[in-house]
Amino acid sequence: MPSWPTTAVEAIAVQEKLRGLVEVVDVGPAPRYVAGLDVAYDGDRLAAAVVVLDRGTLREVDRAVVRGETTFPYVPGLFAFREVPALLAALERLTTRPELLVCDGQGLAHPRRFGLACHLGVLTGISAIGAAKTTFVGTHAHPAPERGATADLLDGDEVVGAAVRTQDAVKPVYVSVGHRVSLPTAVEHVLHLAPRYRLPETTRVADRACREGLQGG
DNA sequence: GCGACAG
DNA sequence: ATCTTGTCGC
């Protein structure tokens, strides 16, 4: 974590500097190992978890949970600075190297087009996508009620992501490009990873893992 | 100026 | 994120 920003001004400067490194096209073959990342909090204590699932079976093959303390407050637009340090530490402790990071938050659907998924992708060089429960920037038409339906997430006239219906009649999940993946591919991944519930299995398993890590460990 | 604002 | 039980519905 060399020269990690401390202030909002510094953090924004980092985003402006790294945003140009984001790659919005598909790179590499279809991933086999996909990771889910999430962080849970209890005051200033936190637990970050990265779980790795086999994309074919959706079975967990590896996981790493690290505990620590917050070093940056939650500021809309600077969310990554709060979670990235702990998530990178967890990623380093994995035995299996994931080929896709499914992040709990936005990728390009961010005010400066550099959300958590872009940040983690650029720093690790691993393909990444954002799968958020709510929008941050952008508006969209209502996708059809059937699973698989999508609607462009538009910020002005720019498509920054997609509202994806992962199950019939459930609220959409907001998908956006993080790094080295195209938007259509990102949407395919999320649909594949959510065969039964609204959220991708990667997110569900990671959410449980970090909550457990907050208590036990 | 005022409200909204990923997790 | 987190505070928080039961309850309505498929």
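Sequence lines set the chain letters: A, B, ... in the order given, protein chains first and strands last, and positions in each chain run from 1. Both backbone and side-chain heavy atoms feed into the values below; hydrogens, waters and symmetry mates do not.
Rounded to the nearest 0.5 Å, atoms CD1 (A/Ile129) and CG (A/Leu108) are 12.0 Å apart.
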task = Encode nucleotides 1-7 of chain B as B, S and - characters from 5' to 3', where the letter depends on protein heavy atoms closer than 4.0 Å: B to the base, S only to sugar-phosphate, - to neither.
result = ----BBB

Protein proximity profile, nucleotides 5-10 of chain C - base contact B, sugar-phosphate-only contact S, no contact -, cut-off 4.0 Å on heavy atoms = ------

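Distance alone, capped at 3.5 Å, is enough to place a donor-acceptor pair between the A/Asp168 side chain and the A/Arg147 backbone. A donor-acceptor pair under 3.5 Å links the side-chain atoms of A/Arg198 to the main chain of A/Lys171, judged by distance alone.
No continuous path of hydrophobic side-chain contacts links A/Val173 to A/Leu153 [ILVMFWY only; heavy atoms under 4.5 Å].
Classified by interplanar angle (parallel below 30°, tilted 30° to 60°, perpendicular above 60°), the ring pair A/Phe79/A/Tyr74 is perpendicular. The aromatic rings of A/His119 and A/Trp4 lie tilted to each other, with the angle between the two planes from 30° to 60°. A tilted orientation is assigned to the rings of A/His140 and A/Tyr174, their planes being inclined by 30° to 60°.
With no hydrogens or angles considered, a side-chain donor-acceptor pair links A/Ser182 and A/Asp26 at under 3.5 Å.
Atom CZ in A/Arg211 sits roughly 7 Å away from atom P in C/dA1 (whole-Å rounding).
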